[in-house]
There are 2 protein chains.
Amino acid sequence: METRELAYFLAVAEELHFGRAAERLGMAQPPLSRAIQKLERRLGVPLFDRSGRGISLTSAGEVLAREAATVLDAVAAATARTRRAGRADPRLVVALKPGGDGGLLPDILEAYRAHPDAVEVELVLCGVAQRAQLVRDGTADVAFLHIPYEELTGFDSEPLRVEGSVAIVPRGHRLAGQAFVRVAELEADPTPLWPRRHADINDPATLMQLVALGRLIAMAPESVTPHLRRDLVCVPVLDGTPTTVVLAWPERTRSRALAAFVRTASAVAERLSPAPG
Amino acid sequence: METRELAYFLAVAEELHFGRAAERLGMAQPPLSRAIQKLERRLGVPLFDRSGRGISLTSAGEVLAREAATVLDAVAAATARTRRAGRADPRLVVALKPGGDGGLLPDILEAYRAHPDAVEVELVLCGVAQRAQLVRDGTADVAFLHIPYEELTGFDSEPLRVEGSVAIVPRGHRLAGQAFVRVAELEADPTPLWPRRHADINDPATLMQLVALGRLIAMAPESVTPHLRRDLVCVPVLDGTPTTVVLAWPERTRSRALAAFVRTASAVAERLSPAPG
DNA sequence: CATGGGCAATACCCTGGAGGTATGGAGACA
DNA sequence: TGTCTCCATACCTCCAGGGTATTGCCCATG
């Protein structure tokens, strides 16, 4: 099976219409029909039900749609990773969201620089959704992810640090003076608790603004504390879900530079915090 | 990048010789050379060092070799899974080694049969090395694996049961009467302890024969006990590494039949043992 | 029931590129 | 320096993948 055929198939599977799929692929409909027929003949299995008006995926077709997407992702990642490995200056691309390193990054970078296998480190600061994607598609080598907020499917990983939860409230807030709170207290408050009820806010600045205005109370890993606006304060949440900061990289990857980075990061995390993972 | 090109590249990367690679691929050397050149041009990156006598992989080439293997495995798996999904009678193929189900399989099968999404279950009994491979390459849907003896890389999994370790010794052995032993005692014994020092024995019959002859002491999960030869006995190892029996299936897979099987197995395991995972 | 429209399949042609053969050319080693 | 090895280049062939024109089938609609 050639990747071209898989791309053709996936286009038809998504459009469920040979004509539109062909247009999307920049080709005519008949060769596309033939390519799919050929694929079906080779696999010995029908992929589409063509019963009159419109087509639909057979169960085999549904399986192949999934698999084809996997393969095409892997091919795209292979291209990106190979290209990057071929650049003259070897670099390690690290993806993280601002403040998403649990405060460990400066020490990790300093310790890593001393390592014999170390290469230049490039930091990519990005939003929450892109981070894992950047590693999956080969743009980045490794990312700081937060469990349980992000999926580790398809990654190898190394836990670095476990963080407790804090509630973020305006400086003058009723809870601001307390030594700690519990989740139940926060939920009892008339102010909505993020991310329990407002999972659709993805921009931290917006979120913090809403907190400052008293429209929300936010819960976050304790490492956000140093980066917080001055008009907000943190209160530890005793029974909040702990967050684990992990380094995640693609399975089967084992460049010396990456291995050194992971080992350094792990050592730094262990040195800086009593109980890592 | 077409899969054909990746296969070509991988052949050359493995042989490190265009002539031999071409022979292996059943083609002439010049078109192979050209195909690789084209690939290098498209990627914008040299994949081989061609400095006189012999060739070698560049660092980009090493990356692509890994990635190409991943892609080709994914393509092979896609073919196998699609073909199997297209067969008239839907089946769930379960791979396990004899006795590798932790004694759970009969109950799981019985419970599964009652499930609305259940399909015919086909059991593939196989050796330890093939089990994960069968799932990876799409021949099987799901396998019973043993942690930490087997890698879960690339799989989703569900832990079913945690088992203690037992030492296997001949019936008349010095340790046979004891209520339990510790690893240190076993290591102190002049008889070599498997798998610590004899990891190269893969055939259980051979292994058991060696144990019966007093040439080895074997450590294994406790669920081997019912299948043991009558001339051997088990002694619990108090501080032996516990084994977790898990169900493992390919990431991103979610057929109804498989989901039903996993959920059933998990429920059965929870019912039969106090503390699963 | 007849007709028209939408859409995939078929028929037929054409071109680019994959593959083959012959040969060149650059190191390595005697 | 000559020769051997092995990859690259030159040149040719042919087929597979792509295009255009058309048919065939199903369904909707009057």
Side-chain angles (χ1 to χ4, degrees), chain A residues 1-62 64-65 68 71-72 75 79 86, chain B residues 1-62 64-65 68 71-72 75 79 86:
Chain A
M1 260 188 321
E2 294 303 311
T3 59
R4 182 178 39 79
E5 297 179 289
L6 291 177
Y8 286 3
F9 167 74
L10 207 54
V12 179
E14 283 169 6
E15 298 284 348
L16 288 178
H17 189 290
F18 280 82
R20 279 196 300 276
E23 190 180 5
R24 204 173 98 183
L25 292 165
M27 67 189 292
Q29 169 259 319
L32 180 57
S33 284
R34 271 176 300 163
I36 301 295
Q37 287 174 339
K38 191 170 181 177
L39 190 57
E40 289 176 309
R41 235 177 304 127
R42 249 210 316 276
L43 289 169
V45 158
L47 299 170
F48 293 99
D49 271 329
R50 299 143 165 103
S51 36
R53 202 62 139 208
I55 57 176
S56 61
L57 283 165
T58 62
S59 60
E62 277 172 22
L64 186 59
V71 168
L72 294 178
V75 169
T79 305
Chain B
M1 262 189 317
E2 292 304 311
T3 60
R4 182 179 40 79
E5 298 178 288
L6 290 177
Y8 287 3
F9 167 74
L10 206 54
V12 179
E14 282 168 7
E15 299 284 348
L16 288 178
H17 189 289
F18 279 81
R20 280 196 299 277
E23 189 179 7
R24 204 174 99 183
L25 292 165
M27 67 189 293
Q29 170 260 316
L32 179 58
S33 284
R34 269 176 303 164
I36 301 295
Q37 287 175 339
K38 191 170 180 177
L39 190 57
E40 289 176 310
R41 232 176 308 127
R42 248 211 315 276
L43 289 170
V45 159
L47 299 170
F48 293 100
D49 271 328
R50 302 147 165 97
S51 36
R53 201 62 141 211
I55 57 175
S56 60
L57 283 166
T58 61
S59 60
E62 277 172 22
L64 186 59
V71 169
L72 294 179
V75 170
T79 306

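Below, all heavy atoms of this structure are taken into account, side chains as well, without hydrogens, waters or symmetry copies. Below, chain A is the first sequence line, B the second, and so on; all start at residue 1. Computed from a predicted structure; not experimentally measured.
- In terms of phosphate contacts, Lys38(B) brings no side-chain nitrogen or oxygen within less than 4.0 Å of OP1 or OP2 of dG17(C).
- Rounded to an integer number of Å, the gap from Arg4(B) CZ to dA16(D) P is 13 Å.
- Ser33(B) is linked by a side-chain contact (heavy atoms from CB on, under 4.5 Å) to Phe18(B), Gln29(B), counting only residues two or more places apart in sequence or in another chain.
- Residues Ala68(B) and Leu6(B) approach most closely at CB-CD2, 4.0 Å, considering heavy atoms.
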Report, as a single string ordered 5' to 3', how protein heavy atoms within less than 4.0 Å touch nucleotides 6-15 of chain C: B base, S sugar-phosphate only, - not at all. SSBBB-B---
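- Regarding Leu32(B), its CG atom lies at a distance of 14 Å from the P atom of dT9(D), rounded to whole Å.
- Rounded to an integer number of Å, the gap from Met27(B) CE to dA18(C) C1' is 8 Å.
- Atom CD in Glu5(B) sits roughly 12 Å away from atom C1' in dG17(C) (whole-Å rounding).
- Between the side chain of Glu2(A) and the main chain of Thr3(B), a donor-acceptor pair closer than 3.5 Å is present.
- Spacing between atom CG of Leu25(B) and atom P of dG20(C) amounts to 10 Å, rounded to whole angstrom units.
- Partners of Tyr8(A) by ring-ring contact (aromatic ring centres under 6.0 Å, His included), not counting sequence neighbours: none found.
- For the salt bridge (charged side-chain N to carboxylate O under 4.0 Å, His left out) test, residues two or more places apart in sequence or in another chain that qualify with Glu15(A) are Arg20(A), Arg24(A).
- Applying the side chain to side chain donor-acceptor pair (under 3.5 Å) rule to Arg42(A) yields the partners Glu5(A); only residues at least two apart in sequence or on another chain are considered.
- A straight line from CZ of Arg41(A) to P of dG17(D) spans 11 Å, rounded to a whole angstrom.
- In this structure, the CG atom of Asp49(A) is 14 Å from the P atom of dC26(D), given to the nearest Å.
- Nearer the 5' end of DNA chain D, as judged by each residue's closest nucleotide, is the contact made by Ala28(A), out of Ser51(A) and Ala28(A).
- Checked against side-chain contact (heavy atoms from CB on, under 4.5 Å), Ala7(B) has the following partners two or more places apart in sequence or in another chain: Leu72(B).
- Among the heavy atoms of the strands lying under 4.0 Å from Tyr8(B) are primed sugar atoms or P, OP1, OP2 only; no base atom is included.
- Between the CD1 atom of Ile36(B) and the C1' atom of dG19(C) there is a distance of 14 Å, given to the nearest Å.
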